[in-house]
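Some notes on the structure that comes next.
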Number of protein chains: 2
Amino acid sequence: MQQSYKIAIVDDHTLLASSLEQLIVSFGNCRVLHISKNGKDFQQNLVNHVEKPDIVLLDINMPVMDGFETALWIKENHPYIKVLTLSMEDDESSIIKMIHKGAKGYLLKDSPPDTLKLAIEEIMSNGFYHSDLVANTLVQAFQKGPVASELGLKDTELQFVKLAATERTYKEIAAEMNLSPKTIDGYRQDVFKRYNLKNRVGLVLFAIKNDLVEV
Amino acid sequence: MQQSYKIAIVDDHTLLASSLEQLIVSFGNCRVLHISKNGKDFQQNLVNHVEKPDIVLLDINMPVMDGFETALWIKENHPYIKVLTLSMEDDESSIIKMIHKGAKGYLLKDSPPDTLKLAIEEIMSNGFYHSDLVANTLVQAFQKGPVASELGLKDTELQFVKLAATERTYKEIAAEMNLSPKTIDGYRQDVFKRYNLKNRVGLVLFAIKNDLVEV
DNA sequence: TACCCATACAGGTAAAACCCTATTATTAAA
DNA sequence: TTTAATAATAGGGTTTTACCTGTATGGGTA
């Protein structure tokens, strides 16, 4: 028998978890060390068992300690354990959050069975499973363009916001825009009110969140 | 003959550009509309020719108007034209910048010839060519962890910086950290001087650039 | 013990940021 | 032509930031 990969499963759907176990064992090159119902349960299982998993199949939606928390905990406490997310959610924010928290791959629960086998092997050999799902999502997230006008910012206000997200003083901004400092102050007040900003820090964060400026 | 893809080439290395043309024509399913030496030249070629390209093979390092500018211009003015970056640079920032500016793929100039064919076909059918190079780079960029300590920030200063990147006033920060506002002011001065920051906006940008806070 | 050094904190001040309430100029609409 | 709306500006006041210099305390350590 070739090298055997040690797998752990973390999913609160017991039925799904155990059928997953069957599937994984059927691959021939994998063993399932333990199954946990949530992150806390998994932490317990880690101490109870001497053998540590190579890969954790991790669900997102779970009670007590969800997949995000668990992934982060694993990344920080057992960085050598690889997380393969197995979720029903295919929304951008879930995917990005899991990748951000260190997941080495992201599979949808309705993927074909051999995809799981492929993903496990890819992760073990290359360190990451590059599914189109993840790749597309990341690319889209990166390419999301400025949404200035959709925010209701006029040209001149947009320019103001961009400059305000630099170390310039308002006086300098006024000079740069050829406007009176008082006008700039007017922009400031309008924008603060419109977007519920408390101070210039809020404005900077707003500009960055909405891709109005590069960081 | 199957459907024919219309290609344009933008590269200041004339020799490489024309050999690229030969290669592309040899694929059988592609035509080369025109070759440009830089972005400006390409803009001119676009108006001179009635037929518009499906894909532009775009180099990055060019005189007059480089690949970044050109990609951005294409994205904003001809969003239906797909950019396939063809560069010698494999550094993270170049890749990310091009993807950010809308490139549909990123190929290194020393890729095997059939990779180019594959990339063109992938882009035409799926809208994006998911090379491992790009996927890995994006994943890494997303997973880059905090580098706080490497910056030389002490625990308490780090906490201060994180709080300063919110809408809190320094007084509020002091209360939250159970320190005198004067102490906080001391931190501020130290950090400003150490990292050459002019004001709080600079501090916020610094925190974000160094992944000290999430945006 | 005396000295060095880092941390927490004070006083004082000028500049910038923040906020409210007007007043003009221009322009579009009635 | 009056009316309404919008952009640019002012006046004037409070709060926060930003900067400088200086002191008290508590370790280390020669």
Side-chain angles (χ1 to χ4, degrees), chain A residues 146-215, chain B residues 146-215:
Chain A
V147 280
S149 60
E150 295 156 33
L151 289 168
L153 281 173
K154 288 154 239 160
D155 277 6
T156 160
E157 281 176 336
L158 173 61
Q159 222 206 314
F160 158 71
V161 173
K162 286 183 176 179
L163 290 169
T166 70
E167 287 188 326
R168 273 168 263 246
T169 65
Y170 288 135
K171 203 198 284 183
E172 290 170 334
I173 294 175
E176 192 137 340
M177 291 179 67
N178 273 108
L179 290 172
S180 146
K182 285 299 183 180
T183 305
I184 295 301
D185 191 50
Y187 289 172
R188 187 194 54 74
Q189 287 185 56
D190 287 349
V191 173
F192 273 32
K193 191 162 294 171
R194 185 135 32 99
Y195 302 102
N196 260 99
L197 308 173
K198 279 202 173 49
N199 53 35
R200 199 161 157 184
V201 173
L203 183 60
V204 173
L205 297 176
F206 167 83
I208 293 172
K209 278 190 191 123
N210 290 102
D211 265 316
L212 269 25
V213 294
E214 308 238 347
V215 288
Chain B
V147 282
S149 61
E150 295 156 33
L151 289 168
L153 281 172
K154 288 153 241 162
D155 277 8
T156 160
E157 282 176 335
L158 173 61
Q159 222 207 312
F160 158 71
V161 173
K162 286 183 175 177
L163 289 169
T166 69
E167 288 187 326
R168 274 169 263 246
T169 65
Y170 288 135
K171 203 199 284 185
E172 289 170 333
I173 294 175
E176 192 137 340
M177 292 179 67
N178 274 108
L179 291 172
S180 148
K182 285 299 181 180
T183 305
I184 295 299
D185 191 50
Y187 289 173
R188 187 194 55 72
Q189 287 186 57
D190 286 349
V191 174
F192 273 33
K193 190 162 295 172
R194 185 136 32 100
Y195 302 103
N196 259 97
L197 308 173
K198 279 201 173 50
N199 54 35
R200 199 161 157 183
V201 172
L203 184 59
V204 173
L205 297 176
F206 168 83
I208 293 172
K209 278 191 191 123
N210 291 102
D211 265 316
L212 270 24
V213 293
E214 309 240 346
V215 287

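Quick note on labels: first sequence line is chain A, next is B, and so on, each numbered from 1.
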**OP:** For D:dA10, take OP1 and OP2 only and decide whether either is under 4.0 Å from a side-chain N or O of A:Ser180.
**Re:** yes
Original post:
Any side-chain N or O of B:Tyr170 under 4.0 Å from OP1/OP2 of D:dA18?
Top reply: yes
Just the rounded figure in Å: distance from [atom2] of [N] to [atom1] of [X].
X        : N      : atom1 : atom2 : answer
B:Met177 : C:dT7  : CE    : C1'   : 12 Å
B:Arg168 : D:dT15 : CZ    : C1'   : 19 Å
B:Glu157 : C:dT7  : CD    : P     : 7 Å
B:Lys171 : D:dA18 : NZ    : C1'   : 16 Å
B:Gln159 : C:dA8  : CD    : P     : 12 Å
A:Glu167 : C:dA17 : CD    : C1'   : 16 Å

**OP:** Could you pick out which residue, B:Pro181 or B:Lys154, lies toward the 5' side of DNA chain C when each is mapped onto its nearest nucleotide?
**Re:** B:Lys154
Subject >> Residue-level proximity of residues 182-194 of chain A to DNA chain D when a heavy atom falls under 4.0 Å >> reply: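 Contacting residues: A:Lys182, A:Thr183, A:Tyr187.
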**OP:** Could you encode protein contacts along nucleotides 24-29 of chain C as a string, one character per nucleotide from 5' to 3', using B for base contact, S for sugar-phosphate-only contact and - for no contact, with a heavy-atom cut-off of under 4.0 Å?
**Re:** ------
**OP:** Please work out which residues in residues 196-205 of chain B have a non-hydrogen atom less than 4.0 Å from an atom of DNA chain C and list them by number.
**Re:**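 When residues 196-205 of chain B is checked for heavy atoms under 4.0 Å from DNA chain C, there are no hits whatsoever.
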**OP:** Output all residues satisfying side-chain contact (heavy atoms from CB on, under 4.5 Å) with A:Ala207, sequence neighbours left out; order by chain, then residue number.
**Re:**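 Once residues adjacent in sequence are excluded, the partners of A:Ala207 under the side-chain contact (heavy atoms from CB on, under 4.5 Å) criterion are A:Val161, A:Ala165, A:Leu212, A:Val213.
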**OP:** Hey, could you give me each pair passing side chain to side chain donor-acceptor pair (under 3.5 Å) that has a residue in residues 176-188 of chain B? Not counting sequence neighbours.
**Re:** B:Thr156-B:Tyr187, B:Arg168-B:Glu176, B:Asp185-B:Arg188, B:Asp185-B:Gln189
Subject >> Of all pairs that satisfy side chain to side chain donor-acceptor pair (under 3.5 Å), the ones with a partner from residues 194-204 of chain B, not counting sequence neighbours >> reply: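 Found B:Glu157-B:Arg194.
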